[in-house]
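Notes follow the structure.
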2 protein chains.
Amino acid sequence: MGLKSIEPFPMKAILVADDHSIVRLGVSHIISTLATPSAVEEASTFDEVITYLEAKRFDLLILDINIPGGNNLQMIDAVKLRQPNIRILMFSGYDEQLFAINYMQAGADGYLVKYSPEDEIRSAISTVLNQQKYMSAGTKEQLLSMLNSQREPVMNPLSTLSGREVEVMYLLTKGIPVARIADMLNLQVTTVSTYKTRIFEKLQISNIVELLEKVKMYSTAN
Amino acid sequence: MGLKSIEPFPMKAILVADDHSIVRLGVSHIISTLATPSAVEEASTFDEVITYLEAKRFDLLILDINIPGGNNLQMIDAVKLRQPNIRILMFSGYDEQLFAINYMQAGADGYLVKYSPEDEIRSAISTVLNQQKYMSAGTKEQLLSMLNSQREPVMNPLSTLSGREVEVMYLLTKGIPVARIADMLNLQVTTVSTYKTRIFEKLQISNIVELLEKVKMYSTAN
DNA sequence: GACAAATGTAGTATTATTACTACAAATATT
DNA sequence: AATATTTGTAGTAATAATACTACATTTGTC
């Protein structure tokens, strides 16, 4: 701790992607309190994220699931394609652990919900920056019980949905019509319709109102 | 400006209510950069807000519309009941100007969307703190055009529905398809469809999910 | 009481959604 | 490895929902 010119901890480059500026501000603020000195850039759309990734190397991307232009699992691939070694910490507004598992499997290094206390956010960022995986206690538990007994008694029906199905399910709960979902995910309308059918089958429901009930019932109680 | 003991600007007390801790952090950070020195408290549920309000006087409440335990217009009354002179700045994740008008009419002093740039958030907070109303350009415009045509007082849009419309609306919130509603009410499908269209027009919505939100927001059930 | 607006009702034409069906690729199971 | 499921994707045909339009009653207003 003497020589100014020798940096034992090289500056880390972090990209914070969220469409809410206060969230970016909060996250940047937390980052500024980390032991690791870091330079933060901010993006508010997924396109901006891509632009940044093509212009400069980053150590970590903190990515809001709901970012405009993104909002799907393919985001992970799109990011890793540009920078295979970047760390990705998903940052989500929903407590839905469901998403967590899917994104982790798709290659994310961590999944953090926005209502997590400040300390947890800080520790999640450090953890992922240090090349480790981060998972909230709840997510970890869910993953374990999932690996453990595959025939658990009371299973969360939402967890039986596949990645794509969860994406569509989420959009459906926002009241977005099938045609527009197809558009957003670059799929045929009939494809989305197939997902919808499968979702309804798996959850044993027959309309959006029931879908909202199910989601409320099984996702809030985390 | 010499005497330490004379405070020309007394400390303001601000309560930031949002279930996302980063948002609270970001807002607190912005507040700390204001000219007005302020003491910030944080709440993450509406119950906590009430508890705070009953314990201590606040100058300003920054309130997330979607806060757990709240999420409806009655929040305003609940707050003003405890502290009639408190200023309220609504902070919302949705851009929906619809909500804005409703909350302003219900007594809020400002309505701010979360994705607003930092400067706008800062200025909104100052504005409301200084006893003025804050509105985004878009909201202002909408409000004006609304006042122009007809200045009806705080109106519950649900109460503008006719008898038949209410019947259909109710069935719709149960997730019952149009065809079956027609059956139940012994009407033609197209008739029910017409009601549905009129309901959606009156409530300014475009799908069932939004219908449920409206009903939740305005139903006195809470 | 006259005229305007709101309400209850429905038809036609168009658009959106769903039911089936299919099939390759990825996973899981034996 | 061989076989069975699940998942991601989409086409065709059928069904449901909507946009417009229309019109006779109420209901409200000057």
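Everything numeric here is computed off the predicted structure, so don't read it as measured data. Numbers restart at 1 for each chain; the letters A, B, ... are given by sequence-line order, proteins then strands. No hydrogens, no waters, no symmetry mates; every other heavy atom, side chains included, goes into these values.
What separates CD1 of B/Ile208 from P of D/dA16 is a distance of 17 Å, to the nearest Å. Distance, B/Asn207 CG to D/dT18 C1': 14 Å, rounded to whole Å. Taking atom CG on B/Leu185 and atom P on C/dT7, their separation rounds to 17 Å, with Å as the unit. A straight line from CG of B/Leu171 to P of D/dA17 spans 13 Å, rounded to a whole angstrom. One atom, CD of A/Glu201, and another, C1' of C/dT21, lie 13 Å apart when rounded to the nearest Å. Between A/Ile181 atom CD1 and C/dA16 atom P there is a gap of 14 Å when expressed in whole angstrom units. What separates CD of A/Glu165 from C1' of D/dG8 is a distance of 9 Å, to the nearest Å. For the pair A/Asp183 CG and C/dT17 P, the interatomic distance rounds to 12 Å; values are reported in whole Å.
Set against C/dT18, D/dA19, C/dT7, the side chain of B/Thr197 has D/dA19 as its closest nucleotide.
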Give me, pair by pair, the N or O atoms of the protein and of nucleotides 9-11 of chain C that are less than 3.5 Å apart, along with how far apart they are.
residue: C/dT9; atom: OP2; partner: B/Arg164; partner atom: NE; Å: 2.6
residue: C/dT9; atom: OP2; partner: B/Arg164; partner atom: NH2; Å: 3.4
residue: C/dT9; atom: OP2; partner: B/Tyr195; partner atom: OH; Å: 3.1
residue: C/dT9; atom: O4; partner: B/Arg198; partner atom: NH2; Å: 3.0
residue: C/dA10; atom: OP2; partner: B/Gln188; partner atom: N; Å: 3.1
residue: C/dA10; atom: OP2; partner: B/Thr191; partner atom: OG1; Å: 3.0
residue: C/dA10; atom: N6; partner: B/Thr194; partner atom: OG1; Å: 2.9
residue: C/dG11; atom: N7; partner: B/Thr190; partner atom: OG1; Å: 3.0

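For A/Lys196 and C/dT17, the shortest distance from a side-chain N or O to OP1 or OP2 is not below 4.0 Å.
A/Leu63 is not listed as a side-chain neighbour of A/Leu89, based on a closest heavy-atom distance of 4.5 Å or more. Within the 4.5 Å cutoff, the side chain of A/Ile14 has no heavy atoms near those of the A/Glu41 side chain. Looking only at side-chain heavy atoms (C-beta outward), B/Val192 and B/Leu171 stay at 4.5 Å or farther from each other. You'll find the side chain of A/Val23 reaches within 4.5 Å of the side chain of A/Phe91, heavy atoms only.
Between the side chain of B/Ser193 and the backbone N or O of B/Val189, no donor-acceptor pair lies under 3.5 Å.
Annotation: of the two residues near DNA chain C, A/Arg180 and B/Lys202, the 5′-most nearest-nucleotide partner is B/Lys202.
Judged as a salt bridge (charged side-chain N to carboxylate O under 4.0 Å, His left out), the pairs with a partner in residues 77-91 of chain A (not counting sequence neighbours) are, in order, A/Glu54-A/Arg82, A/Lys80-A/Asp109, A/Arg87-A/Asp109.
For the side chain to side chain contact (heavy atoms under 4.5 Å, CB included) test with B/Met75, the passing option among B/Val49, B/Ile88, B/Leu61, B/Ile67 is B/Ile67; the others fail.
Base contact: A/Ser193 has a heavy atom under 4.0 Å from a base atom.
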